[in-house]
Amino acid sequence: MSARLKDVRVSDQCKDRAVREFLRVQGDRLECVVVADGTVFAVRGSLSRRVGRALLNVVRSSLGAARLVEVTPLAFAQWKEANRPRLDASPVARNPANRTVEFVFGRAVEERASDVYLDVRRDRATLAFRTYGFRRPFDELSRADGLALARSIWALGTNSQFDESGVCDVAFDFEHGGRQYRIRGNSMKEVRGNSIVCRVRDPSFVLPLEDSGYSPVQVRQIARMCRAPGGLILITGETNSGKSTTLASLMAAMPATQKVIEVADPVEVVMDHVSHIEIEHYGEGAEQRLIQNLAALVRQNPDTLVLGEIRDAPSATAAKDMAIQGKRVLSTLHSQSCVAALPRLVSLGVPMSLLGAHAFLAGIVNQNLVPVVCGSCGLASHHDPVVDARYRTLFGEGVRFLNVAGCGECRAGVAGQTLVAEVYPLCLDRTGTAHDLIGAGRLADLERYMRRNGADCHECMSKHQHAATKAAVGEIDPEHTERIIGEFNGEDVEGRCVDLVELRG
């Protein structure tokens, strides 16, 4: 028997009662095929050590021999499809490339991946998933198969075609497990081939603000910012920091008694009480269409305008013009802190003097997503005693670390993600000092003022201070958190402005 799964036929499978009963009890999660000669073809990484040893023992005992051959997830899926009765005669069912697309994105959904990466190189192509902020390899295929997969992905979009020599985008809906997902892909030419990234989004998913990871004080501050009669509210952060998820939460919380209009590229979450306008940002004539739609928005008289992202001068001008008119404007912006958002807006054409106007900026939020340590297998100490001593000095004995070996309750020690954030509720600063500092360009003084005085007797903690409260109770790994937001220092622990008990909620 050749040690290639694709050569195995249904009739070659082991029919021994003990082996079949073992496979039946374990279920489909094993992702393996046992052949009559004792060969066990299993998807790489799908067998735990305990189950793998038990399976091989049963096979050896029943058949007299046993050997394990690991295969890729795609190879196993293609074998299953080739041996499945051809009951579905639809074009999708007959096209192997489309079946591969369905398999890849189906697995991405099951692994809770936010992004699918397909890197096509000169001699091969690799697939990877980003789950809970970590990019992990998934499968490897030939260059030709990688390009065929890319073309199949683009074929599912409307009026889209894969361009191997340049930049191209695609968007389509994908159904899995009875739920609809939105796939948004981008391909760029690179020196060895193509870099392809596809974002996976559940358009029905809205995470309540209280469950995102903000402290109770921050939740109250953000809610009060959104109740301000007008002004610009910015949700800022780096790529993959959860900005769009937070923006969707704020939209969902808007009362149905208000007229809310979203202008985005793309519209990711559709809500009954929101009017959604999708404008292709980089298409031909996109800037003119944006100007026309914004002119029409004035006649729509919205209470709240939601701009999916301020990414260039036209979108910054749109946010500025609506905020000047006294409208409430919500948007996202790429920046590393609340203060850093201000020069970023200036670089996009919004003057600092306008940013300092008392009714223009209602508030700024800056956030990052960090992994949550698994409650079942998290490590109580760091393998490096020097590093361990530093974190215990900063955070105490409750500190815990990611266990990359993982367990059945997590993925590589990660049980999910949580936000660490800082919030500047500028509309709650009754003295106007914060806006005066912004108008004067005294941004370092602004940061110190918000830390000491904040708004309505609630000081504004930094992102590091917020993260420190979570590290102190073992919720997040301080070492990994530092890779995302930068190093902690003594002030982040001893100089916290808000009591730990309240922050922990």
Side-chain angles (χ1 to χ4, degrees), residues 29 31 42-47 70-78 96-154 156-157 162 164 167-172 174 176 181-202 238-242 244-245 368-372 374 402-406 410-417 477 480 483-484:
R29 65 180 180 275
E31 293 187 306
V43 172
R44 180 181 59 245
S46 68
L47 290 175
E70 291 190 322
V71 298
T72 71
L74 272 178
F76 185 77
Q78 289 165 349
N98 282 343
R99 289 199 299 271
T100 302
V101 172
E102 290 183 343
F103 169 74
V104 168
F105 285 104
R107 282 293 292 266
V109 168
E110 292 165 7
E111 304 237 353
R112 300 184 179 181
S114 61
D115 299 273
V116 174
Y117 299 92
L118 173 60
D119 292 313
V120 182
R121 301 292 186 248
R122 294 190 183 100
D123 57 346
R124 62 190 173 92
T126 58
L127 277 163
F129 295 158
R130 178 183 290 274
T131 302
Y132 299 147
F134 290 88
R135 185 181 186 274
R136 295 188 175 91
F138 173 65
D139 211 331
E140 189 171 301
L141 51 163
S142 69
R143 171 183 170 82
D145 287 345
L147 289 173
L149 178 58
R151 294 188 190 101
S152 297
I153 292 172
W154 259 254
L156 294 176
F162 179 68
E164 187 180 342
V167 177
C168 54
D169 295 301
V170 67
F172 59 92
F174 171 76
H176 183 76
Y181 296 86
R182 185 70 171 165
I183 311 297
R184 187 83 176 182
N186 172 265
S187 175
M188 295 184 67
K189 180 72 176 175
E190 68 114 59
V191 294
R192 298 159 296 176
N194 296 86
S195 174
I196 299 164
V197 182
C198 294
R199 173 64 55 90
V200 182
R201 181 70 188 255
D202 180 352
E238 301 166 5
T239 304
N240 291 316
S241 61
S244 296
T245 300
N368 284 92
L369 284 170
V370 296
V372 173
C374 176
L402 294 177
N403 178 9
V404 294
C410 66
R411 284 180 171 81
V414 181
Q417 290 179 293
D477 180 330
H480 190 83
R483 297 173 191 166
I484 298 173

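Position 1 is the first residue of the sequence, and the numbers go up from there.
Using a distance-only test at 3.5 Å, with no hydrogens or angles considered, no donor-acceptor pair links the side chain of Asp115 to the main chain of Arg130.
To the nearest 0.5 angstrom, Arg124 atom CZ is 9.0 Å from Asp119 atom CG. For the atom pair CD (Glu70) and CZ (Phe76), the distance works out to 13.0 Å, reported to the nearest 0.5 Å. The structure places CD1 of Ile196 at 10.5 Å from CD of Glu190, a figure rounded to the nearest 0.5 Å. Rounding to the nearest 0.5 angstrom, the gap separating the CD1 atom in Ile484 from the CG atom in Asn368 is 7.0 Å. Put simply, CG on Asp123 and CZ on Arg192 are 10.0 Å apart, with the number rounded to the nearest 0.5 Å.
Contact of the Val104 side chain with the Phe129 side chain is registered, since non-hydrogen atoms from C-beta on lie closer than 4.5 Å. Annotation: side chain of Arg112 is not in contact with side chain of Asp202 (no heavy-atom distance under 4.5 Å). Side chains of Phe174 and Ile153 form no contact here, defined as non-hydrogen atoms less than 4.5 Å apart. Residues Arg136 and Thr131 have side chains in contact (heavy-atom distance under 4.5 Å, counting atoms from C-beta outward). Side-chain contact between Val170 and Leu156 is absent, with no heavy-atom pair separated by less than 4.5 Å. Using a 4.5 Å cut-off on side-chain heavy atoms (C-beta onward), Leu149 and Leu127 make contact. Side-chain contact between Thr245 and Arg201 is present, with at least one heavy-atom pair separated by less than 4.5 Å. Considering only heavy atoms from C-beta on, Val404 stays 4.5 Å or farther from Phe134 through its side chain.
Between His480 and Pro371, the shortest heavy-atom contact is CD2-CG, 3.3 Å. When every heavy atom of Leu141 is checked against every heavy atom of Gly146, the shortest pair comes out as CD1-N, 3.6 Å. A pairwise comparison of heavy atoms in Gly133 and Gln417 identifies N-NE2, 3.4 Å as the closest pair. Ser142 and Ala125 make their closest contact through O-CB, 3.7 Å (heavy atoms, listed as atom of the first residue, atom of the second, distance). For the residue pair Ile183 and Cys198, the shortest heavy atom distance occurs at CG2-CB, 4.0 Å. The nearest pair of heavy atoms linking Leu369 to Gly242 is CD1-N, 3.7 Å.
Under the 30°/60° scheme for interplanar angles, the aromatic rings of Phe172 and Phe105 are found to stand perpendicular.
Of the candidates Glu102, Glu110, Arg107, His176 forms a side-chain hydrogen bond (donor to acceptor under 3.5 Å, both in side chains) with just one, namely Glu110.
For Glu164, the side-chain contact (heavy atoms from CB on, under 4.5 Å) partners two or more places apart in sequence, or in a different chain, are Arg143, Leu147, Arg151, Phe162, Asn194.
A cation-pi arrangement is present between Arg135 and Tyr117, with the terminal nitrogen or guanidinium carbon under 6.0 Å from the aromatic centre and inside a 45° cone about the axis.
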